[in-house]
Amino acid sequence: MKKSLIQKYNIPGPRYTSYPTVPYWNKEGIDKQDWIASFQKSFIESNYSEGISIYIHLPFCESLCTFCACHKHITKRHEVEEEYIETVLKEWKLYVALVDEKPIIKELHLGGGTPTFFSKENLKYLMDGIFSIAEKHPDHEFSFEGHPNNTTKEQLQTLFDCGFTRVSFGVQDYNEKVQKSIHRIQPFEAVEQVTKWSREIGYDSVSHDLIFGLPFQTKEAVIHTINKTKELQPDRISFYSYAHVPWVKGVGQRGFNEDDLPKNDEKRELYEIGKELFAELGYEEIGMDHFALKTDSLYEATINKTIHRNFMGYTANKTLLMVGLGMSAISDSWYAFAQNVKTVKEYQKLVNEGEIPIFRGHLLSEEDRIMRKHILNMMCNFTTSWEADHMKIKNVEKHLKLLEEMEKDGLVEVYENSLSIPEKARPYVRNICMAFDLHLLENKPKTQLFSMTI
Ligand SMILES: C=Cc1c2[nH]c(c1C)Cc1[nH]c(c(CCC(=O)O)c1C)Cc1[nH]c(c(C)c1CCC(=O)O)Cc1[nH]c(c(C)c1C=C)C2
Ligand SMILES: C[C@H]1O[C@@H](n2cnc3c(N)ncnc32)[C@H](O)[C@@H]1O
Ligand code: SF4
């Protein structure tokens, strides 16, 4: 890829796991009653016909990885497990009490933090509690994030018995210098072991998370990591761009200098190398940062254009409603977003007082919902059309004008009522979305909010 393009378009930009993006949610927040009403509306419209999704955030980690942008709570005290799970179950009961039908759960994801921080008994207790007042959808897809350093065969078996068929493991990079700098020493043998166990037990899909752009990461490190990954043949690979956001509270990114990070062309080259190697190994590129074997459901969803993007990245199942449980979890009713408070202590306090523990959110206007569809179309399928009445964009010329430069650079093709992003321009998809982000256009950030697009 041409050097100049990367330098030209590598600017801070949202990852579009939601639209509007979190920093542009209503400044006044969302009224709790409005959130509850939108949850109820979404539930009534979709529970019976398609089922709902739940995301459960399990925040604890024994040790801090200094690259991590997730909401976590570091502790070695496993006594915290019981109280946390009781609180999640209480929160779930608060939601279920707001509706008349039994929830039918289509998609369930345990994220973190580290879900495998919890004992198998506590994980089972959590699942039994959730399903004591809910049903499993006949085509359910349940998944969780495991840490290769602490996932046991018994935990894998327990969750499999609860209906989980997909697991993803954090790998990041196998190079020792990189691992040291991100405070995450993780031998290949650990990843090999948990991957093998998952296969033996019968998981349909094993995914590995890799990152490019980590401190001290060289081309050789990326090639080495991918060659090791090849030996284990994960069904999916996430190949994330390292998001450097040290200003975000609670992230704790430290332990290396800005200068230790590969940037611009150097960083993009790491991605290009990865992309090429994955293709050679038979992986198809999905959306912005995912790769999957043709046998994986995410590939099928891409071909059928049913793929969806949410706070966890890409998913093969889209439901109208996703309820986020646990500290910092984000819920999405399609009509509104809401996020739970971001510390374990506050979370437990609010739920114990019988409160839905949200602290911010956003009610989407009709215009937000239309733009959201366009942004999802571009992020998932690299094309969108505003021809249909329900997809009309107000002042579309204004947005197309913003694309002129990128059009000249061959990064987007604009037609009468649609646009499409060519294969080679995929790395710039976030830049193209930004031209349709009404909130960002109206209110340019005065401080840095987002990581770099490339
Ligand atoms: C691959 C996973 C990533 C996810 N988010 C980011 C990465 C790299 C990057 C990121 N996360 C946050 C920010 C700061 C901007 C902000 O909204 O404050 C950035 C650049 C904060 C954040 N972390 C999580 C959420 C839901 C958010 C806010 C919205 C967002 O940017 O997605 C938790 C979280 N996000 C991801 C994961 C995997 C995760 C926790 C497990 C996706
Ligand atoms: C859930 C997955 O999110 C990825 N992840 C966590 N923090 C970051 C970050 N700052 N940049 C890129 N990816 C990240 C890791 O690959 C982890 O395994
Ligand atoms: S990468 Fe995983 S284990 Fe490491 S701090 Fe983040 S959530 Fe915890």
Side-chain angles (χ1 to χ4, degrees), residues 12-15 17 55-76 80 109-118 143-151 166-174 178-186 190-191 194-195 206-215 217 222 225-226 229 234 236-256 258 260-263 267 270-271 274 288-291 309-315 326-330 342 344 430 448 450-454:
R15 297 164 41 82
T17 52
Y55 170 76
I56 305 179
H57 193 71
L58 299 174
F60 303 113
C61 303
E62 286 205 0
S63 123
L64 175 75
C65 313
T66 55
F67 72 93
C68 175
C70 301
H71 297 292
K72 63 259 171 199
H73 182 105
I74 310 297
T75 181
K76 289 199 164 59
V80 296
H109 182 76
L110 304 182
T114 302
T116 51
F117 176 96
F118 289 77
S143 55
F144 70 96
E145 293 164 16
H147 196 311
N149 284 357
N150 64 20
T151 303
R166 288 187 36 219
V167 55
S168 63
F169 293 110
V171 173
Q172 327 313 348
D173 189 284
Y174 287 116
V178 174
Q179 289 196 0
K180 267 199 193 129
S181 79
I182 61 171
H183 199 242
R184 184 183 171 104
I185 302 300
Q186 182 179 271
V191 184
V194 293
T195 301
V206 179
S207 181
H208 287 183
D209 299 339
L210 306 180
I211 300 182
F212 66 92
L214 288 169
Q217 201 181 32
V222 169
T225 294
I226 295 176
T229 302
R236 289 185 195 176
I237 296 168
S238 303
F239 192 44
Y240 294 119
S241 167
Y242 170 62
H244 190 56
V245 287
W247 59 86
V248 176
K249 230 176 47 195
V251 157
Q253 283 177 340
R254 56 169 183 252
F256 46 86
E258 301 270 327
D260 304 330
L261 295 168
K263 284 188 207 75
K267 182 172 183 189
L270 300 179
Y271 174 78
M288 197 178 59
D289 42 22
H290 287 55
F291 294 81
R309 181 167 172 84
N310 61 24
F311 290 98
M312 272 78 65
Y314 291 97
T315 161
M327 104 172 199
S328 81
I330 296 177
K342 290 204 261 185
V344 173
R430 291 159 70 184
Q448 192 169 3
F450 302 110
S451 57
M452 305 298 272
T453 52
I454 310 290

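For this chain, numbers begin at 1 and follow the sequence in order. Just so you know, ligand 1 is whichever comes first in the structure, and atom 1 is the first atom listed for that ligand. Small disclaimer: the values here were computed from a predicted structure and weren't measured.
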Open item on the list: I'd like to check which ligand 2 atoms, numbered from 1 as shown, lie under 4.0 Å from a non-hydrogen atom of Tyr242.
Closed with: 10 (N), 11 (N), 12 (C)
Task: Where ligand 2 meets Cys68 - atom numbers and elements under 4.0 angstrom, heavy-atom basis - done: 7 (N)
Task: Sub-3.5 Å N/O-N/O distance, Ile211 and ligand 2 - done: no
Task: Ring geometry between Phe256 and His244 (parallel below 30°, tilted from 30 to 60°, perpendicular above 60°) - done: tilted
Open item on the list: If we set the cut-off at 4.0 Å for heavy atoms, which region of Ser238 has an atom near ligand 2: side chain, backbone, both, or neither?
Closed with: neither
- [ ] Decide yes or no for Gln172 and Gln186: does some side-chain heavy atom of the first lie under 4.5 Å from some side-chain heavy atom of the second?
- [x] no
TODO: Find all atoms of ligand 3 within a distance of less than 4.0 Å from any non-hydrogen atom belonging to His147, and give their numbers and elements.
DONE: 3 (S)
TODO: List every atom of ligand 2 that sits less than 4.0 Å from any heavy atom of Gly170, numbering the atoms from 1 in the order shown and giving each element.
DONE: 18 (O)
- [ ] Would you mind finding which of His71, Arg184, Gln186, Gln172 brings a heavy atom closest to atom 2 (Fe) of ligand 3?
- [x] Arg184
Task: Any side-chain heavy-atom pair of Phe117 and Val80 under 4.5 Å - done: yes
TODO: Could you tell me which atoms of ligand 2, counted from 1 in the order shown, lie closer than 4.0 angstrom to a heavy atom of Ser241?
DONE: 11 (N), 12 (C)
TODO: For Ser143 and His109, test the side chains for any donor-to-acceptor distance below 3.5 angstrom and give the result as yes or no.
DONE: yes
Open item on the list: Can you list everything that forms a side-chain contact (heavy atoms from CB on, under 4.5 Å) with Thr453? Sequence neighbours excluded, please.
Closed with: Asn10, Ile11, Arg430, Asn431, Met434
TODO: Report the distance from atom CD1 of Ile237 to atom OG of Ser168, rounding to the nearest 0.5 Å.
DONE: 12.5 Å
- [ ] Report yes or no: does Lys263 contribute a side-chain atom to a donor-acceptor pair with the main-chain N or O of Glu258 at less than 3.5 Å?
- [x] yes
- [ ] Say whether Ala69, considering both its backbone and side-chain N or O atoms, lies within less than 3.5 Å of an N or O atom on ligand 2.
- [x] yes
TODO: Kindly compute the distance separating CG (Leu214) from CD1 (Ile182), expressed to the nearest 0.5 Å.
DONE: 5.0 Å
- [ ] Compare all side-chain heavy atoms of Met327 with those of His57 and state whether any distance is below 4.5 angstrom.
- [x] yes
TODO: For the residue pair Tyr271 and Phe212, categorise the inter-ring angle as parallel (less than 30°), tilted (30 to 60°) or perpendicular (more than 60°).
DONE: tilted
- [ ] Ignoring angles and geometry beyond distance, decide whether Ala243 reaches within less than 3.5 Å of ligand 2 through its nitrogen or oxygen atoms.
- [x] yes
Task: Protein N, O or S atoms lying under 2.8 Å from atom 6 (Fe) of ligand 3, listed by chain and number - done: Cys68 SG
Task: Side chain to side chain, Glu62 and His147, heavy atoms closer than 4.5 Å - done: no
TODO: Specify side chain, backbone, both or neither for Tyr240, according to which of its non-hydrogen atoms lie closer than 4.0 Å to ligand 2.
DONE: side chain
- [ ] Kindly compute the distance separating CD1 (Ile330) from CG (Asn310), expressed to the nearest 0.5 Å.
- [x] 10.0 Å
Task: ligand 2-proximal atoms of Gln172, by part, heavy-atom distance under 4.0 Å - done: side chain
